[in-house]
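We name chains A, B, ... by the order of the sequence lines, and we start the count at 1 in each one.
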Protein chains: 2
Amino acid sequence: MSMSAHTIDPEFEDIAFTPRQEAVLEHALALLVGGGEKALTTAGLARTANCSKESLYKWFGDRDGLLAAVVAYQANKVHFPPESGATADAETFRTHLVAFATELLAVLFGETSLALNRLSIGQSNRDDNRLGRLLLVRGKHMISARARSLLEAGRHRGLIKFNDAEEAYQVLYGLAVRDVHIRLLLGDTPSEAERDLEAQARVAVDRFYRLFGA
Amino acid sequence: MSMSAHTIDPEFEDIAFTPRQEAVLEHALALLVGGGEKALTTAGLARTANCSKESLYKWFGDRDGLLAAVVAYQANKVHFPPESGATADAETFRTHLVAFATELLAVLFGETSLALNRLSIGQSNRDDNRLGRLLLVRGKHMISARARSLLEAGRHRGLIKFNDAEEAYQVLYGLAVRDVHIRLLLGDTPSEAERDLEAQARVAVDRFYRLFGA
DNA sequence: CCCGAACCGTACCGTACGGTACAAACACTT
DNA sequence: AAGTGTTTGTACCGTACGGTACGGTTCGGG
């Protein structure tokens, strides 16, 4: 069942957007971040992006296609840099873990990610869940894969210990994110401490080591 | 800032619904769970609940008022039983923690909770965020208060150790929920293991003890 | 210089839905 | 029995928005 996640999504288009289209999608993203789903109307986007509705429908099919394109486009922009040179040093590995967790929080708590998550969640009972699956496949699964490889590296060097990399990652995720993600999605404003992403990440990694440290 | 959470929400109506109104809200809930926000139309609700649109508007003001009423009504139904008799026994305390975590997962992962969260998240940029705040105040804050008192009890008896009860609760939350909540909101189907709520809760409490056990 | 493709802007259509109005049915009091 | 308030069902209005059509403009290639 988690296997099905690895099979490429037949879904649709493997995202080859022309520069013009990308510019339009950028405008769409801005509208979404600014005012939520209902702020993104075909007419409105056409107006602010200086394009015609007809082009929108030609490029993206229909409104749902447009939404999917926005999600695919943005999810494609987020790439976790694969672990840099990475000396086997224990201290630098821990630093990498903290950096990963910090980056994770930065992405998840970013306005555009929140807007896209809100959008996908709002549409989660339509169209066989296109948006939600897109976001999961092109977003979470990417990050999770990156995390697993990082953790595996640490285990290989005897720095941490676990049976299931996925499970270990999920614990790290839980320790770092807690309930902040859902609260932000609901429109809550984070506390002062919660805004210091690196500090949060550091504490999370500390606790992670107490659970999985070798 | 977290203080503001404790001041009663001026918001509106302190939820005194007539039986008739509750019946209608129950129908509304069913529609929401079944088909998401757009499935809950005033005409549709009037039809399935055998009431008139005029009554809906009389009772709830407008559609947003109706949505708020649905959220308030449902959130009001969920009550975490305050820690039962609770002998000071260490083993029963741990059992209570597991029971709490299990109940937390059962609520969060329930279809109605998911539907309400989806609804509130979808509306999170409108009306100064009425729904989101409602859900936070009448939902999460209640649960969090319950959790804090439980944890404080445990600390008082020297069973666990921490500085900030809220922080300890958030860690427990993160360990138990991980990324499952957001995945469910996005329409993902949980794994086999993730469906065994009590087992998940037990593992989470195990880890929690390794971090906060005395 | 001309042709065709792509694109813009605008106007238009159909519909779904929030909200209101109203007449008939019901309920409850005096 | 009459009167008053509430609820229902239906019909209606206005509007916002998805989707389509079309004339006018730009632009690259022959």
Quiz item: What residue among B/Arg148, B/Lys140, B/Arg146 forms side chain to side chain donor-acceptor pair (under 3.5 Å) with B/Ser144?
Solution: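 Passing option: B/Arg148.
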
Quiz item: So which one's nearest nucleotide on DNA chain D is more toward 5', A/Gly61 or A/Lys38?
Solution: A/Lys38

Quiz prompt | Nearest-nucleotide 5' precedence on DNA chain D, A/Asp62 against B/Arg47 | solution =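 Checking each residue's closest nucleotide, the 5'-ward one belongs to B/Arg47.
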
Practice problem: Could I get the full list of side-chain contact (heavy atoms from CB on, under 4.5 Å) partners for A/Asn50, not counting sequence neighbours? | Solution: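 Applying side-chain contact (heavy atoms from CB on, under 4.5 Å) to A/Asn50 gives none.
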
Quick one: [X] [atom1] to [N] [atom2], roughly how many Å, whole number?
X        : N      : atom1 : atom2 : answer
A/Arg126 : C/dA16 : CZ    : C1'   : 13 Å
B/Leu56  : C/dT20 : CG    : P     : 12 Å
B/Tyr57  : C/dT20 : OH    : P     : 7 Å
B/Gln21  : D/dT6  : CD    : P     : 12 Å

Exercise. Determine the contact category for B/Thr41: base if any of its heavy atoms lies under 4.0 Å from a base atom, sugar-phosphate if only primed atoms, P, OP1 or OP2 are that close, otherwise nothing.
Key: sugar-phosphate

Practice problem: Compare side-chain N and O positions of B/Thr42 against OP1 and OP2 of C/dC17 and report whether any pair is under 4.0 Å apart. | Solution: no

Exercise. Look at atom CG of B/Asp164 and say whether more than 12 heavy atoms of other residues, nucleotides or ligands are closer to it than 6.0 Å.
Key: yes

Exercise. If a pair satisfies salt bridge (Lys or Arg N to Asp or Glu O under 4.0 Å) and one of its residues is in residues 116-125 of chain A, list it, with sequence neighbours excluded.
Key: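 Every pair satisfying salt bridge (Lys or Arg N to Asp or Glu O under 4.0 Å) with a residue in residues 116-125 of chain A: there are none.
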
Practice problem: Tell me which residues in residues 25-32 of chain B put a heavy atom below 4.0 Å from DNA chain C, sorted by number, or none. | Solution: none

